[in-house]
Each structure stands twice: as C-alpha cells, then as structure tokens.
Number of protein chains: 2
Amino acid sequence: MTQNVKEIFASSGTPAAAPGAAPAGSSAPAGVTAVAGVPGAPAPAALAAKVRTLAPSMTRSMQRVAEAVAGDPAGCAALTVTGLAELTGTSEATVVRTARLLGYPGYRDLRLALAGLAAQQQSGRAPAITTDIAVDDPIADVVAKLAYDEQQTLADTAAGLDTVQLGAAVAALATARRTDVYGIGASALVAQDLTQKLLRIGLIAHAHSDPHLAVTNAVQLRAGDVAIAITHSGSTGDVIEPLRVAFERGATTVAVTGRPDAPVTQYADHVLTTSTARESELRPAAMSSRTSQLLVVDCLFVGVAQRTYETAAPALAASYEALAHRHSPRGGGTRR
Amino acid sequence: MTQNVKEIFASSGTPAAAPGAAPAGSSAPAGVTAVAGVPGAPAPAALAAKVRTLAPSMTRSMQRVAEAVAGDPAGCAALTVTGLAELTGTSEATVVRTARLLGYPGYRDLRLALAGLAAQQQSGRAPAITTDIAVDDPIADVVAKLAYDEQQTLADTAAGLDTVQLGAAVAALATARRTDVYGIGASALVAQDLTQKLLRIGLIAHAHSDPHLAVTNAVQLRAGDVAIAITHSGSTGDVIEPLRVAFERGATTVAVTGRPDAPVTQYADHVLTTSTARESELRPAAMSSRTSQLLVVDCLFVGVAQRTYETAAPALAASYEALAHRHSPRGGGTRR
DNA sequence: CACACCATGAAAGATATTTTCCGTGCGGAG
DNA sequence: CTCCGCACGGAAAATATCTTTCATGGTGTG
C-alpha cells in the first residue's frame, strides 16, 4: 500500500519563488509593481481539503503536523518552525516536509498562507454584530458595534436621501443672501457644523439655538434668503417656530428631519430626510440621528461648494492657510 | 507643517500576529489550542489607515516603504526584507523600522499581517468608489461618495482605536469628580457633543472652546478629575495649553487626536487616535476628522454609560422623558 | 560657520529555515 | 534466529532571513 512517498517531487520542477530577490542590477526604486505571483503557493482556502486528501500518504508525524495546521491556522501562523515542531512533538525537518507535501516551497510560505487563511476566516464571521450593545459588552465590542451601526446609518441615509430635494436646497443655498440654521440640543451642533462650513466658503450663515433669538432673526429674512431647520423628531416647537416665520417672510425653507410627515415639514419648501436607526438604552437615538444629519449637512455643503467653486476654492484655501499659524509650528517637539 | 497627504488606497484590515513566544514545551499533541487572540490583539486592522495616520511622522524613506506596503500588500508579502528594501530603494534597517512604527514587533510579523490582508482583499469585495469628489459630479454621486468616505473613516477609526487606552479613559471618566473637554473650531462641536452626553447620564462635564476660559478652568482641576483635549492636528496650542495645565494639576488627561505623536500627547495620560482620511479640495479634512472624533467620543460615552449603568440608565430615561414635553404634541406652540 | 541632531544604510549579530546526514526500528529473506 | 534493506524521524550543520549596531553624511540651527 504505502507507495514510496519518499522525497516527494517537492524540489523537482518548481522554480520555488526564487526568493533571492531579482538581481536588481540597477537600483530600481519606487515602481512597486511587484508582481511575484508566488508560483508555489496555490492553496488559498482549500487547505483543509488538501490535508484530508494527502493525509493517507503521510507518515504519522507529518499527519500530526498537518492536523495542527488545518485545525488552527491562526495559531500555527504565529509559530516558528521550531515552535510548531515542538507543539506537534516532531522536528523541524518534519514540519518542512509537511509544508512541501502540502504544496509550498517551504515552511515560510505555508506560514504566509496560513496567515492569509486565518484572516479570511476571521473576516468571514464578521456579521455577528447585529446585536444591540449590552451592559457587559467588552469595550472592543462596543467600538465594533457603534462603528457598524453608524456605517449602517450612513448607508440608510444616503439611500433615502431625495437628490432632487437636495439639489433644490443646494441651489437655494448657493445663491442665498444669507442663511439661518436652527437646531436645538444635539441638532444644535449639526447646525453649527453647517454654519461653520458655509462661512468657510464665504457665505453668510448663522446658527441659532436660542429659540427667541432664532425667531427674532427669522423676522429679518425675506425672499432669496434660506432658513434651515434641523430636528430629528420634526416636532420640536422651538425649531419649527423660526422656520415658520422665515417661511411666511418668503425665505426658502429647508427641513432636515427624520420624519418626513412631521409638523416641521409644513413650513418647509424642501425636506431632507434623515434616517432613523434603532436605538437602545445605551445607544440613544441622538447618536445615529446626528450621524445622519451630519451626512446630509455635508452633502449640502459639498453641493454648495461645487456650485460656487470659483469663490469657494480660494476661500477654503485661505481659511486653511490662516489656521496653519495657530498650530504650534514646533510645539513641544520633544519626540518625533 | 507640510501636509504631505500620502495617497494610499483604502482597504481594511488584518489581524495581526500575536507576539510569538508560544508556550509549547508541554507534550501537547495534536490538540492545538486555538487562541486567535481577538481581544488582546495588539495590532488592529486597517493597515492603510494606519499608514495614513502615521505617514506624517515618518521619514522619507520610511514613507516609501509604507506606501509600497499599503499599495500592494500581496506583492510585498512575497518579498523578504531585502527584497522590499531593494524595491523601495532603501535598506533593510529602514524596512524594519517602518514595520516597527506600524506597530509590529518586526518585519516578519508585518509580512504575516500583509499576507492576511492580501487574502482578505482578494476574497473580499470590489474596490468600490475610489475617486475623489469632482466639481462637476452630479449630486447623487456626491451623496454616494461622501457616505462611502465616511463609512471608510468609521471603519478605519474603529480598527485603529486602542481599546486599552479607551478602556482606561472610560474608567477615568466614570469615576471623575468633574470632566473638562477642550476643543476648538470643528472639534469644539465634538467637545460639546461629548459634554452633552455625559451630562445626560449625570456626570459633571464642561466643554471649553475659549482658550482663556479653558485654562482658567483647568487650574481648578486636580487628581481624580479628567481633562480631554480634542484636536485633529494635535498641535493646536489653544487646546494643548489647558491640557498641560490639567496634566500638571494631576488630573487624568486624554487626547483625542489624529497624530499619535503630536505635541498634545505629551501631556496626555491616554491617547485615542482618530483616523486621517484623504482629503481634497472639496472635501476638507475637517469632515472626516469630525466623523472619526465623534465615533471615539461615542465610544467613550457608551463605555462610561456601561460602567455607571446603575445611575446612567435612569438618567437617560429621565432626560428623554423631559424632552418629550418639548416636542409639540400639537405642533406650533412656542414655549410659553 | 560651527554644532548638534537625525535619518540612513552597511555590516555585524541573532534567529529562523532548510538541508544534510545518521540512528532507529521494522519486515522480510536467508 | 540473524542479517539486510529501507523508510522514518530527528539532531545538527548550512543557509537564508531578520534584527541590531554603528559610522556616515546631510540638514537645519544658533
């Protein structure tokens, strides 16, 4: 039965990657073309299968090695040839022989493949984050879940955003004499964010989070001006009121809300819908609504910047320039 | 500071190499204890992101190496130190230094990570939208690109966040007598966001964007208090100064910055790194840094909320309750 | 213009991997 | 029952690869 496994064809034809690094001759720099098809490294994920196939033709020691490798790619990838040999109770030579048998030029390459496989495996079981954040989640999970949720929110928002409405709002903003933005609570920050950005490209914009002042200012608006209300619930009276005033004064009004049927839309020429993600005890709605609102606001900004590129670009550059001075040139340059 | 924004492809991660030194020793046969140390894994993922983050603090030669590595993980994984050194026109020493800077114990481990990344990339999805936002992009494209970029930013941030540092910061926050948060410009909004949230769960927190007031208040801090500085560049003097004062007063200090080697970290007990995404004319850096900072801040918040669940949960519920009244049950009605 | 500093690569020094080579033990033939 | 051949497996040499050290040259500063 036992055919003479012998020294397998291993070293036979395979040019074996010629690790020696090309003669290089000239000091070819940059390039980065680096092809290196890796001739002897075929097995991507099929490693386990290959192990099963080849197991019969292996000696006992080699089987142990192969088993270990197939059983815990990640763990084995972290081991040196000596480590793996000890782990399996064999010698380095055996490990190398096994690697050869599995189709790699040597252990080094097997190890590389193992690392790849491990990475693949791990990334494969990613969609486990769907659960809510629990009180006893380890911090790493919290990070993963939050990031995932916010990504989801972004995707939802982008998908649900009405580009026609957005375009209309952008057009109004780009030509507005002045722009007022209303937002309260968490939305106040979004309002300020938008305002900051618009100011940077030379537009006249104000954010109001004080309801009285907001209304007072709204009275000043007229046709050609723009008023934007930001409210997730769409029913925050303090924000609706100034928008109503602006609306009645003839300004172009925009509502950024998560409820396209909320009261605020009553006074809005254009409605931009933000997404409403699920919330939980530990993850207040404010978190995802904020993310969503910011994306909308960013879209507004970029849209306006495009339309006013002639003036926006230099303005942006100038404000960037101006800031440079504020950054301590060499700060505490103690360490690099 | 010349902002050499290295252009590196976005992609995502790979786990990375446990710090060798396997126990072995014992006669443990085929068992192969699977570890796959997910929790304690030192090197996170998103290599490209890390390269971007660290690029500014790299020397020219190291940047060349980093670029090559980020640009063609698969190709580089097939190379030995010598090979990569020749390819990039540098020396082995430089390659190893770069690997170290990227967070790996040595080149060997970087290479392993590279292999993993390559495998993942290949099996993974398509490249997706890599182009920048252009002046004449239709609005729909703007939305898609912005959303994609921000998602990318989130992924990078999550991958690059040091959970140990995060945990430490959370612990400090949870037990702090009071917390001060410093942020200026766009970061001021993030500071306010964090403050708002902390207040909601009953902690005492203040955001300062006025440099003078910030310092004045920082003087009041002492051991047991927490001071957080938020600055993308890490070298905004107006934010560093109050943190320094707080640091010297014995408060626990935290820096949220995109440059882990920036001056601000000098006075920070814990450094939380945000990601640095590509920026362009139409997409100022502030946009992605804000997204990144907000994620970090959210993580801090949720972490703290977990730790103080007993008091946080009711507080959150209460504040939610209180807000309900403000949402016009019947629309308009200004506050009376 | 001199000084200090730091990036950089060459080469020495460690490690890891591969190869060589030999001992061991098992079967079958004499 | 003993001897021979053979495949297996491991120790150690040989080699490749990685890491560290050190000298050099360039750069910016006082």
Practice problem: Grab the CZ-P distance between A:R111 and D:dC18 for me, whole Å please. | Solution: 10 Å
Quiz item: Nucleotide by nucleotide, 5' to 3', does protein get under 4.0 Å of the base (B), only the sugar-phosphate (S), or neither (-) in nucleotides 22-28 of chain D, counting heavy atoms?
Solution: -------
Quiz item: Which whole-number value in Å describes the distance from A:R108 CZ to D:dA16 P?
Solution: 11 Å
Quiz item: Can you tell me if the side-chain N/O atoms of A:T80 get under 4.0 Å from OP1 or OP2 in C:dA16?
Solution: no
Self-check item: Pairing residues for B:E241 by the salt bridge (charged side-chain N to carboxylate O under 4.0 Å, His left out) criterion, not counting sequence neighbours
Solution: B:R244
Quiz item: Rounded to the nearest Å, what distance is computed from the OH atom of residue B:Y104 to the C1' atom of nucleotide D:dC18?
Solution: 17 Å
Quiz item: Just checking, is any N or O donor in the side chain of B:S91 or B:T94 under 3.5 Å from an acceptor N or O on the other one?
Solution: yes
Quiz item: For A:S61 and A:T90, does a side-chain donor sit closer than 3.5 Å to a side-chain acceptor?
Solution: no
Quiz prompt | D:dG9 phosphate, OP1 or OP2, under 4.0 Å from A:T90 side-chain N/O | solution = no
Exercise. Determine whether B:Y182 and B:I230 make a side-chain contact, defined as any pair of heavy atoms from C-beta on separated by less than 4.5 Å.
Key: no
Quiz item: Start at the 5' end of DNA chain C and walk down; is the nucleotide closest to B:M62 or to A:V81 reached first?
Solution: B:M62
Quiz prompt | Gap between atom CD of A:E86 and atom OG1 of A:T80 - 0.5 Å precision | solution = 8.0 Å
Self-check item: N or O in side chain of A:S91 less than 4.0 angstrom from D:dA11 OP1/OP2
Solution: no
Quiz item: What is the distance, rounded to the nearest whole Å, between atom OH of B:Y107 and atom P of D:dT20?
Solution: 16 Å
Quiz prompt | Any A:T94 side-chain N or O less than 4.0 Å from OP1/OP2 of D:dG10 | solution = yes
Quiz item: Are any side-chain N or O atoms of B:S235 and backbone N or O atoms of B:A262, one a donor and one an acceptor, separated by less than 3.5 Å?
Solution: no
Quiz prompt | Out of D:dT21, D:dC8, D:dT19, whichever nucleotide has its closest atom nearest the side chain of B:A93 | solution = D:dT21
Quiz prompt | Residues in side-chain hydrogen bond (donor to acceptor under 3.5 Å, both in side chains) contact with B:T98, at least two apart in sequence or another chain | solution = none
Quiz prompt | Nearest-angstrom distance from the residue atom CG of A:L87 to P of D:dG10 | solution = 14 Å
Self-check item: Whole angstrom value for the distance that separates P of C:dC21 from CD of A:E92
Solution: 18 Å
Practice problem: Can you tell me the distance, in whole Å, between the CD atom of A:E86 and the P atom of C:dT17? | Solution: 13 Å
Quiz item: Separation of B:L84 atom CG from C:dG9 atom C1', in whole Å?
Solution: 15 Å
Quiz item: Which of these nucleotides, C:dT8, D:dC8, D:dT19, is closest to any side-chain atom of A:T59?
Solution: D:dC8
